[in-house]
J.: 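What follows is a structure written as structure tokens; I'll ask about it next.
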Amino acid sequence: MSTTFFNPPPPPTTVPELHQTHAHLIKTGLIHHPFTAGHLISAAVKLSLTYPHTIFTHLQNPNAFSYNTLIRGYATSPSPMTSLTLFKDMLVDDNVVPDNYTYTFVLKACGNVGCVGFGEQVYGHVVKTGLDGDLYICNTLVHFYAKNGEFGIARKVLDEMCVKDVVSWNAVLSVYCEMGMMEDARVFFGEMGVRNVESWNFMVSGYVKGGRVDEARRVFDEMGVKDVVSWNVMITGYARNGEFGEVFRLFEDMRKDEVVPDDYTFVNVLSCCASVSGLSQGEWIHAYIDKNGVEVGGFLATALVDMYSKCGCLEKALEVFRKTSRKDISIWNSMIAGLGLHGYGKRAIEIFYELIDDGIKPNEVTFVSVLSACSRSGLLDEGYKMFELMVHTYNIKPTIEHYGCMVDLLGRFGLLDEAEGLAKEVPFKEAQVVWESLLGACRSHNDVEMAERVTKKLLELDPQDSAGYVQLSNVHASEGRFNDATELRKKMRAQGVSKDPGCSMIEVNGVVHEFLAGEGMVL
DNA sequence: TTAGGGTTAG
């Protein structure tokens, strides 16, 4: 005897699939079935919020599940207030009654709205409904108070809970760590009744966020069980700190520990390879990814393109770029930047137009990459055109980086007056880089008068700025005014201004060595 | 269902 089961179709996971399913449900009238509609909304919130909200508003009798799903969706969105509006609608809707799920999601929304009063009102309803003993609701309430800085109340609620689990404790710990309150976190961590790997991860992550890598490492080393996130957090800490050797060592240890690296791990380590020109490490990771059938897309594809570009393998970068089917804006930006970096300005511009043809909207970073490509390749007209396009077609307000590229480009062509005009437009106090770039151009074109003017401007912006002194003394030196140059260097020393040493890195037999100007091998 | 940590492009 055989039994036939009805297998419902898998839920839509892409927008076109969603539209198709929606259309099908309208055609068959199933959309009026609250259960079916609820599941459609549930699938839709994973893709967008406006679309399921529209479906919801057209429902004649939305059930609690549909309300809950939408409330949950908005709770963690940029507009958590909408969750509260939906909750109010739910209260006046005679056909539904808020349940334990509803309160969990609404309280979560309250935590994100940032108004303690709302949460307290909602909790009033919880008490009236008799749901105040629900573990999930209480856990969310604890998190709600902590998130709003009410640690005392959070702790009181926590202590008074008859039944609590590790989530209850983590609800407070996670906030201490997130907010960088590591002393409180440490004390609380010691008092915790139960801990799990996440508790430890919160601690490590809190220290990493505060730049306290050594303390993070101490906690990390004390951990009994480490998961992939533990390793990733620690790796991120070292990467942010520029301790790339430690990143590679940890990556190695992680594999010895038989923890399977994921996309986050690869992206982090690849990004370090890019920083230190560690091509062989990068290639090894790429091979590992291929061998293990890891899907290359999103951040990972971008990281690969970036690594190959920065290690000088443009062909490989292009290969990864071309092979990536769904390209987001980052991978385009990375490719454009890579081509620009190696002086292929024209190719960078071609890729830029390809991006436009693909219907993708360039962003701020795209224009930094493309303008920098123009600047490096000396493409003056194209640079002007791109700047115009950015401001007038794409309505992107130029940032300091965009101005920097333009001033650099104009400076290369000796169009110093135009460059100075643009530098003056820079509305930021951080305009320093732009003036530094202009000063470099003054030096190349031996415009002493402007160099002096620009130096003055630079020193107004930052009296400790070394670039101004160095460049001006170089201008004096190139003009043969060695006495002026020496005087300036003396003045610089007297004021305690130091010049960062030049630095370069090279990979030899898979080991990266770093050199500082005027010194021996460091790493 | 609740806490949920970790990533790219300039």
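We name chains A, B, ... by the order of the sequence lines, and we start the count at 1 in each one.
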J.: Quick test of your reading of the model: are A:Glu295 and A:Lys323 salt-bridged, counting only N-O distances below 4.0 Å?
T.: no
J.: Only counting residues at least two apart or in another chain, list the ones meeting side chain to side chain contact (heavy atoms under 4.5 Å, CB included) with A:Ala185.
T.: A:Leu173, A:Tyr176, A:Cys177, A:Met182, A:Met203
J.: Output, in order, the C-alpha distance, side-chain angles, deciding distance and verdict of side-chain hydrogen bond (donor to acceptor under 3.5 Å, both in side chains) for A:Tyr207 and A:Asp214.
T.: CA-CA 8 Å; A:Tyr207 282 124; A:Asp214 294 338; over 6 Å; no
J.: Could you note down all residue pairs passing salt bridge (Lys or Arg N to Asp or Glu O under 4.0 Å) where residues 338-363 of chain A supplies at least one of them, sequence neighbours left out?
T.: A:Arg322-A:Glu354, A:Arg347-A:Glu350
J.: Categorize A:Ala337 for me: base, sugar-phosphate, or nothing, with a 4.0 angstrom heavy-atom threshold over every strand shown.
T.: sugar-phosphate
J.: May I ask you to decide if the ring planes of A:His125 and A:Tyr103 are parallel, tilted or perpendicular, using 30° and 60° as cut-offs?
T.: parallel
J.: What nucleic acid atoms does A:Phe105 come within less than 4.0 Å of, heavy atoms only: base, sugar-phosphate, or nothing?
T.: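 Counting heavy atoms under 4.0 Å across all strands, the contact made by A:Phe105 is with sugar-phosphate only.
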J.: The criterion is salt bridge (charged side-chain N to carboxylate O under 4.0 Å, His left out); which residues satisfy it with A:Lys209, sequence neighbours excluded?
T.: A:Glu178
J.: Which part of the nucleic acid does A:Lys147 contact within heavy-atom distance under 4.0 Å: base, sugar-phosphate only, or nothing?
T.: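 Nothing, no heavy atom under 4.0 Å.
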J.: Any base atoms under 4.0 Å from A:Asn68, or only sugar-phosphate, or nothing? Heavy atoms, all strands.
T.: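 No contact.
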J.: Tell me, which of residues 120-140 of chain A have any heavy atom that sits under 4.0 Å from an atom in DNA chain B?
T.: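 Residues of residues 120-140 of chain A under 4.0 Å from DNA chain B: A:Tyr136, A:Asn139, A:Thr140.
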J.: Looking for any heavy atom pair under 4.0 Å, which part of the strands does A:Lys209 touch: base, sugar-phosphate only, or nothing?
T.: sugar-phosphate
J.: So A:Val233, base contact, sugar-phosphate only, or nothing? Heavy-atom distance under 4.0 Å.
T.: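 It contacts sugar-phosphate atoms only.
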J.: Heavy-atom contacts under 4.0 Å between residues 362-375 of chain A and DNA chain B, which residues?
T.: A:Asn363, A:Glu364, A:Val365, A:Val368, A:Ser369
J.: Just checking A:Arg240: base, sugar-phosphate only, or nothing, at a heavy-atom cut-off of under 4.0 Å?
T.: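 Sugar-phosphate, no base atom in range.
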J.: Does anyone know the first and last nucleotide of DNA chain B in reach of chain A, 5' to 3', at under 4.0 angstrom to a heavy atom?
T.: B:dT1 to B:dG10
J.: Output, in order, the C-alpha distance, side-chain angles, deciding distance and verdict of salt bridge (charged side-chain N to carboxylate O under 4.0 Å, His left out) for A:Glu150 and A:Arg155.
T.: CA-CA 9 Å; A:Glu150 299 286 356; A:Arg155 188 64 205 257; over 6 Å; no
